[in-house]
Amino acid sequence: SGDEGLPEAPVEEGKPESEIFESILLPQSEEAPPIALEHTLFEIFANESSGHLQVIEDFVDNCRGLATGCVVSEELKRSVHTLRGSARMAEVSSMAALAEALEHWLGLLGRLGRRTDAATVDILERSHFVLNSLLRVINQPGAAMPTWQPLLREIELLSEGLEQESHHAA
């Protein structure tokens, strides 16, 4: 037969064949493998997400270096909100979690009447970079998932600080 010289498929009792091959073919890491979306869904999600990421980039570009900072715009909050919802619908949990944390943090900044400063712009710039990087690995077999969890935690900690501050002010 034509199978001579080919390695035998591993046999593990009780495991579906697809699971056995995944354990061999997929890189073993603590990160989830890159997300795979159906092609049409991916095209829609990528196009929509790119527009929302452009809003973040434009906001960063407009606010960078302004001595007085910027007010968090409704357009920025709306784009992050929609990006979160789209990522959730497409089941891109990394992007959804990061956008959700950003949305919460931006909402707190707005409610407290905070203007952006260099640190705020830096977080937004890094968020844009990480979200864009996550978007680029969707449907890229073998692509390494960008690290996003430390940025998520940083934004969550900033939000917690603002929440405590708003409780003390109330």
Side-chain angles (χ1 to χ4, degrees), residues 26-37 41-42 44-140 142-170:
L26 294 177
Q28 299 298 312
S29 74
E30 293 179 25
E31 292 284 328
I35 299 101
L37 299 179
L41 176 59
F42 170 70
I44 293 167
F45 178 70
N47 288 334
E48 186 176 303
S49 296
S50 294
H52 299 306
L53 291 170
Q54 186 63 52
V55 170
I56 297 170
E57 184 178 9
D58 291 346
F59 184 85
V60 166
D61 289 344
N62 291 334
C63 294
R64 186 182 288 115
L66 290 179
T68 59
C70 294
V71 172
V72 174
S73 70
E74 288 303 314
E75 180 185 28
L76 177 63
K77 290 192 283 189
R78 198 170 33 255
S79 282
V80 171
H81 172 80
T82 307
L83 179 62
R84 176 189 57 91
S86 297
R88 185 170 282 147
M89 291 286 287
E91 297 181 354
V92 183
S93 58
S94 53
M95 289 181 72
L98 193 52
E100 183 174 356
L102 266 178
E103 180 183 18
H104 180 69
W105 177 61
L106 292 170
L108 287 167
L109 288 171
R111 281 193 296 284
L112 292 170
R114 293 290 176 83
R115 297 180 73 81
T116 61
D117 57 15
T120 306
V121 172
D122 177 63
I123 293 279
L124 288 168
E125 188 169 33
R126 288 188 289 137
S127 296
H128 173 268
F129 177 80
V130 171
L131 287 163
N132 202 35
S133 297
L134 288 165
L135 182 61
R136 281 187 271 138
V137 299
I138 294 173
N139 288 1
Q140 299 297 319
M145 282 289 286
T147 301
W148 56 275
Q149 297 90 338
L151 179 59
L152 173 69
R153 187 65 189 138
E154 187 177 350
I155 295 168
E156 290 171 340
L157 289 171
L158 289 169
S159 291
E160 288 171 17
L162 289 174
E163 286 170 345
Q164 289 176 358
E165 190 178 309
S166 70
H167 291 301
H168 291 300

Nearest heavy atoms of [X] and [Y], plus distance in Å:
X      : Y      : answer
Lys77  : Glu74  : NZ-OE2, 3.0 Å
Ile138 : Phe45  : CD1-CE2, 3.7 Å
Ala97  : Leu152 : O-CD1, 3.4 Å
Ser49  : Leu83  : OG-CD1, 3.5 Å
Met145 : Leu134 : CE-CD2, 3.8 Å
Ser50  : Leu135 : OG-CD2, 3.9 Å

Can you list the residues that meet the side-chain contact (heavy atoms from CB on, under 4.5 Å) rule with [X], with sequence neighbours excluded?
X      : value
Ser133 : Phe129, Arg136, Pro146
Asp61  : Glu57, Arg64
Thr120 : Trp105, Leu109, Thr116, Asp117, Leu124
Ser79  : His52, Val55

Residue pairs passing the disulfide bond (SG atoms under 2.5 Å apart) test where at least one lies in residues 64-99, sequence neighbours excluded
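Of all non-adjacent pairs touching residues 64-99, those that pass disulfide bond (SG atoms under 2.5 Å apart) are Cys63-Cys70.
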Assess the residue pair Ile56 and Ser127 against the criterion (side chain to side chain contact (heavy atoms under 4.5 Å, CB included)); give the C-alpha distance rounded to whole Å, side-chain angles, the decisive distance to 0.1 Å, and a yes or no.
CA-CA 9 Å; Ile56 297 170; Ser127 296; 5.7 Å; no
Whether Asp122 side chain and Ala118 backbone form a donor-acceptor pair below 3.5 Å
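A pair under 3.5 Å: no.
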Is there a side chain to side chain contact (heavy atoms under 4.5 Å, CB included) between Met95 and Leu98 once you walk through the steps?
CA-CA 5 Å; Met95 289 181 72; Leu98 193 52; 5.9 Å; no
With salt bridge (Lys or Arg N to Asp or Glu O under 4.0 Å) as the rule and sequence neighbours excluded, what pairs involving residues 98-109 come up?
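Listed once each, the pairs are Arg84-Glu103, Arg88-Glu100.
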Quick one, Leu158 and Ile123 - any side-chain contact, counting heavy atoms below 4.5 Å?
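Sidechains of Ile123 and Leu158: in contact.
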